[in-house]
Amino acid sequence: MTTPSSTATPEAPKQTGDPLLRVEGLRKYFPIKRGIIFQKKVGDVKAVDGVSFTVSSGETLGLVGESGCGKSTTGRLLNRLLEPTDGKVFFDGKDVSHISASDMRPLRRDIQMIFQDPYSSLNPRHNIGTIVGAPFRIQNIKTEQGVKRSVQELLERVGLNPEHYNRYPHEFSGGQRQRIGIARALALRPKMIICDEPVSALDVSIQAQVINLLEDLQNEFNLAYIFIAHDLSVVRHISDRVAVMYLGKIMELTDRDRLYQEPVNPYTHSLLSAVPVPDPHKEGRRERIILTGDLPSPVNPPSGCVFRTRCYKAQQKCKEEMPQLLEVAPGHWSACHFPEEKQLI
Amino acid sequence: MSTAAVATPEPAPATSPRAFLDVRDLHVHFPTEDGLVRAVDGLSFSVERGKTLGIVGESGSGKSVTSLSILGLHKGTRAKITGEIWLDGVELVGMSNEDVRKLRGQQMAMVFQDPLSALHPFYTVGDQIIEGYRVHNKVNKATARKRAIEMLERVGIPTPNKRVDDYPHQFSGGMRQRAMIALALVCNPQLLIADEPTTALDVTVQAQILDLMKDLQKEFNSAIIIITHDLGVVAEVADDLVVMYGGKCVEDGTVEDIFYSPRMPYTWGLLSSMPRLDRLRQERLTPIPGTPPSLINVPSGCAFHPRCSYKSLVPGETCRTEVPQLAEIEGGHRTRCHLSKEDKERIWTEEVKPKL
Amino acid sequence: MFRYIIRRLIGVLILMVVISFITFLLFFAIPSNPAALSCGKGCTPTVIKATEHKMGIDEPILVQYGKYMKGLVTGRTFGEGTAVNKCPAPCLGFSFKTDQPVLGMITDAFPITLSISIGAFVLWIFFGISTGVISALKKGTIIDRVTMFVTLATVSLPSFFTGLMLLYFIVIKYGLMTFPSYVGFLDNPYDWAKNLLLPWITLAFLFAALYTRLTRANMLETMGEDYIRTARAKGLSERKVIFKHGLRAALTPIVTIAGLDLGGLLGGAVITESVFNFNGLGRLVVRSSTDLDLPVLVGVTVLAAFFIVMLNFLVDLLYAAIDPRVRLV
């Protein structure tokens with residue numbers, strides 16, 4: 001496992017047992033079509049381009065990157081809101097990459113999702129009892145105490161008043177709505193929850209409440225989280241391991257402390273150095289790598305290393321050869337021809 | 001005390017030398033069907049040229065309403081504005097709408113949060129900048145166009161003589177915000193208000209834009225007000241800070257004061273509830289309990305008291321019944337809190353600071 | 001762009017073919033026989049048979065349809081021996097009822113419908129949009145409330161009622177005008193407009209009310225956009241903010257609806273034409289459907305569909321010209 005190999009899947013240290021989720025070479029290309037009557041394909045948006053990772057039970061994997069890096073698409077591929085173009089997804093040892101809609105049903109119990117916008121992801125015409133109880137009805141599950149009791153228990157568990165069973169989403173604040181979303185995701189006791197920017201629409205003081213709740217629930221139910229976010233501080237706080245994505249590819253993947261203290265990939269360096277810290281003295285002394293230019297188009301990504309057009313270390317080799325995601329130290333994977341350890345915080 | 005935002009004692013003598021921008025006891029109230037929204041309720045601050053004031057607060061704290069009222073954009077609406085806003089020795093609140101309009105874009109300009117929706121989708125970036133320039137400068141189109149290209153180049157848009165004819169949707173997010181800044185600065189305004197200028201942007205783009213704003217400030221010696229919920233952003237660019245809660249300033253002072261010796265429970269709460277990259281990872285975040293208040297139903301007394309963990313240290317029901325005054329701690333650092341000076345110092349050094 | 005236009009035009013053509021075919025099919029689904037209808041009293045099966053043959057409806061639908069399409073392109077000859085009726089391309093056939101060439105009937109009726117529709121269109125666009133804008137800018141005031149009430153009342157008035165009321169009060173009771181009858185624009189533009197005034201008002205009345213409400217809603221939405229705030233922050237005068245920045249964006253969706261409404265009217269403003277007794281396309285289609293006059297019916301239907309589809313296409317082109325984000329591919 002320590003020998004660099006381009007086909008290996010970066011995974012958690014062995015002692016955590018068999019991974020709950022294993023993703024190998026996952027790809028999602030959105031075809032670009034032209035023509036009204038007869039359409040022909042003229043190219044692809046390479047939203048996710050060969051992503052591999054594992055997640056164990058009870059573990060949180062953070063997916064960070066800037067908009068357009070493919071992190072949200074990856075999340076949608078995992079619970080099959082999108083159909084992958086290529087690659088394999090194993091959940092609980094079973095290949096679920098292309099299973100049919102009817103086989104998806106049991107999988108949907110195990111993999112749930114929480115969305116960014118608590119305002120638009122809840123149906124405004126349903127009361128929260130209906131919203132949180134929907135998973136039971138859809139999956140046709142009868143609980144011992146009846147659906148209503150179960151829903152009320154869930155509401156209580158996420159810190160909402162169970163007497164608010166009959167209220168409607170607009171009667172709740174942003175943080176409370178996100179709690180409703182969490183209760184709904186939790187209803188069927190899933191093994192994994194994909195959290196897509198779950199706190200970025202919330203105020204700072206409310207953010208902390210929701211993050212703490214997510215952590216408590218993880219401990220209680222041994223949940224695995226895939227935590228998709230652009231806020232590097234939040235990701236560090238909640239994740240066990242973190243994958244940094246850029247233009248549909250994983251640039252660096254390792255456990256949280258290593259990634260934030262000894263990152264080796266120049267893209268991770270630029271990201272970390274760009275985060276402003278609430279400390280004016282440190283702010284003045286920090287080294288800052290300012291990226292130039294814009295994100296290249298995912299339709300026509302740069303040759304070789306996708307980051308080379310904006311990288312401060314780019315050389316000829318980066319143009320010619322695509323760096324593989326290699327294990328530079330046990331459990332520390334990076335895709336770069338010229339890795340260098342750098343302390344940025 | 002070499003600060004820019006000289007704290008104004010509340011009943012200011014009219015003859016006192018004024019700062020470049022001096023806001024005094026500003027109230028902005030909106031009558032609505034549900035009741036009176038006290039969006040801003042007695043706010044005072046000042047900014048000198050070449051300095052940056054950060055206004056920090058959560059949604060509904062009144063920070064954006066403040067900026068719009070400085071620009072006079074609430075004039076002609078139902079908003080009831082009282083207080084004084086002095087810009088370079090001229091009072092704006094009592095001024096006619098038409099006179100304030102002449103200052104907008106010319107003396108004071110604004111950069112908004114989401115540049116895609118803040119730029120008109122049907123006009124080219126160049127036309128929008130040209131229009132902004134020609135409102136205040138009697139020049140022909142060609143001259144204004146040259147000026148627009150110059151500004152686009154200054155804010156770092158590559159090949160500006162081509163991009164000037166692009167539409168906003170043809171720009172990337174970061175470039176749009178640069179164009180927005182070019183539009184705001186085209187008439188050399190001395191006051192620039194940036195309302196969450198980087199919130200919609202990615203972190204690497206945010207760094208570029210903050211850098212640009214700092215450079216431009218050096219070049220034009222303008223006064224900047226930056227409104228944000230991100231303490232990291234203000235730590236990077238601001239000289240002075242106003243922390244707002246429930247339409248009021250609850251703490252103000254220099255950036256040093258607020259980050260290294262905050263003296264108000266809400267500021268403590270903000271600092272300790274956010275995960276920080278520059279500190280060791282905490283096992284658990286310390287959130288502020290409860291939710292921000294509704295501006296229609298601001299809690300009695302201190303607006304923060306329902307969420308405050310230290311109110312038991314104040315004798316009696318004072319926190320609930322009496323609105324605390326914005327009182328000086330030392331040298332321009334002020335807080336709005338009933339806790340005694342000693343308690344504030346002790347709680348910060350013994351309880352809050354060690355946990356950050 | 002050029003390729004886009006070509007592709008759209010091909011699409012229009014295909015649609016025309018489909019619509020004419022469907023009209024054919026529907027016609028034959030009707031259980032009555034036009035030949036029997038036209039032969040009057042003392043009818044015998046042989047006469048009906050002969051009439052059917054003369055009309056060409058004794059053949060299978062597909063053959064009839066094929067002949068019809070061929071006639072459109074190359075012209076057609078009806079009848080045999082001495083009673084030959086030549087019909088040059090584009091041939092729409094002869095009316096079952098009057099034996100007139102359908103093309104001629106349509107070209108006679110169309111100018112009337114066109115005159116009514118265009119005039120009413122100009123009126124309702126002008127009044128609808130201007131009152132809509134005023135109402136939006138004065139939201140919540142007495143002006144706005146009165147406008148909204150009046151438009152609501154107007155929308156609920158059917159146009160035959162408006163038309164008859166106008167006729168009753170203006171023509172019959174007070175004699176301010178003589179009863180309108182169509183005069184060609186080229187014959188006498190003044191009389192043309194004078195005679196069309198009442199039909200225009202009748203038709204525009206309903207639409208103007210709808211457009212007022214639509215404009216008001218769009219304008220209110222647009223004036224709340226961030227870019228309006230930016231325009232104000234630049235120091236633009238309120239007039240410029242409203243007309244250059246607000247109205248332009250607010251009118252874009254109205255372009256679509258206006259195009260479709262006009263297209264619909266060009267196929268015949270049935271009620272208005274009937275109330276004022278103007279022989280436009282609308283009345284033609286009503287008459288030909290009661291008479292089971294297939295050739296006229298197909299001709300007018302295809303023409304009406306043509307207007308709707310073409311105006312839809314023009315609206316798309318216009319939309320791309322107004323909104324730079326729309327790309328025609």
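Chain identifiers are assigned alphabetically (A, B, ...) following the order of the sequence lines, protein sequences preceding nucleic acid strands; residue numbering begins at 1 within each chain.
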**OP:** Apply the test side-chain contact (heavy atoms from CB on, under 4.5 Å) to residues Arg286(A) and Asp278(B): give CA-CA distance (whole Å), side-chain angles for both, the deciding distance (0.1 Å), then the verdict.
**Re:** CA-CA 11 Å; Arg286(A) 274 171 78 207; Asp278(B) 58 327; over 6 Å; no
**OP:** Go through the steps to decide whether Tyr260(A) and Arg281(B) satisfy the test side-chain contact (heavy atoms from CB on, under 4.5 Å), and finish with yes or no.
**Re:** CA-CA 10 Å; Tyr260(A) 284 87; Arg281(B) 181 180 169 273; over 6 Å; no
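Summarising the local packing, CD of Glu163(A) is surrounded by 12 or fewer heavy atoms from other residues, nucleotides or ligands at distances under 6.0 Å. Within a 6.0 Å radius of NZ in Lys342(A), other residues, nucleotides and ligands contribute more than 12 heavy atoms. Atom CD of Glu153(B) is surrounded by 12 or fewer heavy atoms from other residues, nucleotides or ligands within 6.0 Å. More than 12 heavy atoms of other residues, nucleotides or ligands shown are found within 6.0 angstrom of NZ on Lys214(B).
Using a 4.5 Å cut-off between heavy atoms, Asp279(A) touches chain B through backbone and side chain atoms alike. Only the backbone of Thr292(A) comes within contact range of chain B, with at least one heavy atom under 4.5 Å from a heavy atom of that chain. Heavy-atom distances place no part of Tyr266(B) under 4.5 Å from chain A, backbone and side chain included. Interface residue Ile211(A): only side-chain heavy atoms are found under 4.5 Å from chain B.
Minimum heavy-atom separation, Phe259(B) to Pro278(A): CD2-O, 3.3 Å. When all heavy atoms of Ala207(B) and Ala274(A) are compared, the closest pair comes out as CB-CB, 3.9 Å. In terms of heavy-atom proximity, Glu58(B) sits nearest to Ile206(A) at OE2-N, 4.5 Å. Nearest heavy atoms, Ser205(A) versus Ser273(B): CA-OG, 4.0 Å. What you find for Glu66(A) and Val203(B) is that their closest heavy atoms are OE2-N, 4.1 Å. Of all heavy-atom pairs spanning Glu215(A) and Glu283(B), the tightest one is OE1-O, 3.8 Å.
Near-neighbour residues of residues 225-232 of chain A relative to chain B, defined by a heavy atom under 4.5 Å from a heavy atom of that chain, comprise Leu232(A).
One N or O on the side chain of Arg236(A) and one on the backbone of Arg276(B) form a donor-acceptor pair closer than 3.5 Å. In this structure, the side chain of Asn212(A) engages the main chain of Leu285(B) through a donor-acceptor pair within 3.5 Å. At distances below 3.5 Å, not a single donor-acceptor pair connects side-chain atoms of Glu283(A) with backbone N or O atoms of Val234(B).
Interface check for chain B: of the options Asp257(A), Ile238(A), Val210(A), Val234(A), the most heavy-atom pairs under 4.5 Å are formed by Val234(A). Of all the listed residues (Met274(B), Gln208(B), Arg284(B)), the one sharing the greatest number of non-hydrogen pairs under 4.5 Å with chain A is Arg284(B). Taking Ser273(A), Gly68(A), Ser67(A) one by one and counting their heavy-atom pairs under 4.5 Å with chain B, the maximum is reached by Ser67(A).
Qualifying ring-ring contact (aromatic ring centres under 6.0 Å, His included) partners for Tyr312(A), counting only residues two or more places apart in sequence or in other chains: none.
The distance from atom CG of Leu210(B) to atom CD1 of Ile290(A), rounded to the nearest 0.5 Å, is 8.5 Å. Taking OH of Tyr267(A) as the start and OG1 of Thr204(B) as the end, the distance is 5.5 Å to the nearest 0.5 Å.
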